Every structure is written in structure tokens, then in C-alpha cells.
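Model, not experiment: these values are computed from the prediction.
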Amino acid sequence: MNKFSKIAVLSVLPFISSVASAADAPKLGQQAAAEYLTLSKYPEWTLPVPAGAPNPILSEREPDVVTRPGPNGAGPALSVWAGEIRYQRGDTVELFAQLENRASNDADILTTPSANAKGPWAVSGEVVNQSGDTLASLTFADDGKGSDETAGDGIYSASYTLGEIGQPAVGQATSLGFRVTAENDAQEQRIAMNGFQYSHPAATLTGKFTDRIVDGNLVIAAQVDVVKAGRVHLSGVINNPLGESLVIAQTSAVLGEGEQWIELPVYGLPLREAGVAGALSLGAVTLTTTHGMPNALGEVLVDAHSTKAVLPTAFTDKPFGREALLEAAARLNAIAQ
């Protein structure tokens, strides 16, 4: 069961078991059963994206912001983040830091600036491996130069180009951390640490795609350049002509070395239900090398491919019928009666 169906399942059951009263339990059980029945219409490898929800692949790649206030919650708090969650050799890693009067990721932390906080803050950092060894020392600046987009906006920036040092083996990935220290003239200090993945994928998307409809389902084939044979995982989000996400699909395969093709099947029912006539697009697609843990994340290609124009009736109208969810719905309905 992938994370989307897990969310739907787990979001209901705890309330039935620990929160709901005896009178409410049957009603909640029926609601859970109805949700199971809806999910059972689609296979685990193709799930609809809720209307208005962001592209799930892009949202998963949004970097986390780590915020640390001063002693006893004193402000300003120091927030640090990377431009992306993964990089690979030759990429320029962009790192950012910001001093704020309120911790951006926790509205309950009030950070009143200290009366002794005088003068500008000097912001520095270092990139470290999992053993704590320093790979690079950095100076952050808010001068509008290099990786810093706007001078004086309070966001300090630094950059670091990944080289051979610390690179994981092909098909593998590792985590690198960066520690940021801000200090002012009054010798007040703020320290925060975050990280990113140093990825060395064994296979990459070439950017070439084809599409066809088979038995009422959309099949997108992606060309892959494989430098080391092994298992890969392909995920793609299908958009309507307005750029709105409709479904997320995923598949896995074991590929040999060289240029290979991998097919991404997209179950047709949610595309039929969306009622879209015209060309669909591959709004986001990414290939992950699954040779070991952590998996080596690949680049995300955006608006990578447009299909031929299709009508909704080209897609199947048959529910997939996931047996496990149908059985769970039947049990809950029986309990509720």
C-alpha cells in the first residue's frame, strides 16, 4: 500500500478506536468503509490527486526549513534550508539562512529580539559528512551576488559545488549536513543545522518519452540511460491541459546497462472520471535508483511530455477492485449494522 492509500486508511481508524463514542463509531465506520470503497476503484500504482492539491512529486521535493531560536526562546531565531533536497556531483548546492523575530515553522515560539542585539550578523557555515568531518567552510552573504538573489532582504546565501570528495558509490546516496552559525557584535550566537542528499543515481531519464493507450489505460514509455544494472522506480504525475494534477502513477523495473525503456502504466478510470478532452501532460516525472538505502533520488523533470489528444471515453470505466480494501469495507459495514 503506498503512502496515499495509507493516509486515507490511517486517518479514520484511530478516531474509531480511541476517540469516537459508542454512538459515533458506527457512523465513522461507515464513513471509513465508503472511503475504502472509493480507493478500491484504483490500483496502488495509479491514484487520483485530490482537486486543488499540489503536484505530489514537486511537493515531496520541497526542502524542509529548520528553525532554532536563541537561549530560552530568545530572538531572533535562525532558519536554515537548502535550495533542493538532493544534489549530485557537479551540482551547485545553494544554502540559505534567515534571522527572524518569529520561528517560521512553529507559531508557538515567540522570539523577542534581545536588547543587546546590536550591529549586523555575521553568518558562516560548514558542510559535513555523516561522520562529522568538514567538507567545506562557507561564508553566507546578503549582498545580491552569486547565489544571493536580493541584497538586504534578510536572506543570507552561500553555495558549494559537489565534487568527488564524499561522493557515494554509483547507485547509492548519502546524507550531508550543513551547520550554520550567526553571530553579532554583542557576541550573541545562533546555530542551526539542516541537510540534503548527495545522490549518485545509476540510471537517469534522457528526456525522451512516448505514449499510447492500451486496453483503456494510458502507457507512457520513458527512455533511461543506465550506467549500472539494477532496480529503478519511476513516478509520474499526469496533468490536465490547465496544468492541474490529475493522477500520480508509479512503477518499478530491473534494467540492464545502456539505453533502456521503462513503461509507466496509468490506470484509465481516474482519467475518464476527470472528463478531460485534449492532450494530457507529464507534469512531473522522476527516476529513483533503488540499489540500497537510502535510495538515490534522481532529477525531477517538469512538463516533460505531452500526449496525443484524447477523449475521456478512450479510458476504461471499470473499477480496478482492490480486494483488500473491498474486504475491509465489508467488515466495517457489517460492524456498523
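Counting heavy atoms from C-beta outward, T288 and T290 have side chains that approach closer than 4.5 Å. At a threshold of 4.5 Å between non-hydrogen side-chain atoms, the residues W261 and K208 count as touching. Side-chain contact between I155 and T150 is absent, with no heavy atoms from C-beta onward closer than 4.5 Å. In this structure, the side chains of E259 and Q223 come closer than 4.5 Å at one or more pairs of heavy atoms. Here the side chains of E183 and Q187 are in contact, with some heavy-atom distance below 4.5 Å. Annotation: side chain of H200 is not in contact with side chain of R89 (no heavy-atom distance under 4.5 Å). Under the 4.5 Å side-chain criterion, counting only non-hydrogen atoms from C-beta, L58 is not in contact with V237. The closest side-chain heavy-atom distance from L176 to N129 is below 4.5 Å.
R190 approaches P71 most closely through the heavy-atom pair NH1-CD, 4.0 Å.
How far CZ of R68 is from CG of N194: 9.0 Å, rounded to the nearest 0.5 Å. Remark: L138 CG to R179 CZ distance equals 12.0 Å, nearest 0.5 Å. To the nearest 0.5 Å, atoms CE (M193) and CD1 (I191) are separated by 11.0 Å. Distance check: L95 CG to E126 CD gives 12.0 Å after rounding to the nearest 0.5 Å.
Neither side chain, N295 nor H233, offers a donor N or O lying under 3.5 Å from an acceptor on the other. Between the side chains of S79 and E100, at least one donor N or O lies within less than 3.5 Å of an accepting N or O.
Applying the ring-ring contact (aromatic ring centres under 6.0 Å, His included) test to every pair with at least one member in residues 144-191, sequence neighbours left out, gives no pairs at all.
Between Y42 and Y267, the gap from one ring centroid to the other reaches at least 6.0 Å.
In the displayed structure, D64 atom CG is contacted under 6.0 Å by at most 12 heavy atoms of other residues, nucleotides or ligands. Counting heavy-atom neighbours within 6.0 Å of I165 CD1, excluding the residue itself, gives a total of 12 or less.
Between F196 and Y87, the ring planes are perpendicular. Angles over 60° get that label, and only those under 30° would be called parallel.
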Which side-chain N or O atoms in residues 276-287 pair as donor and acceptor under 3.5 Å with protein atoms at least two apart or in another chain?
| residue | atom | partner | partner atom | Å |
| --- | --- | --- | --- | --- |
| T286 | OG1 | R61 | NH2 | 3.2 |
| T286 | OG1 | G298 | O | 3.2 |
| T286 | OG1 | E299 | O | 3.1 |

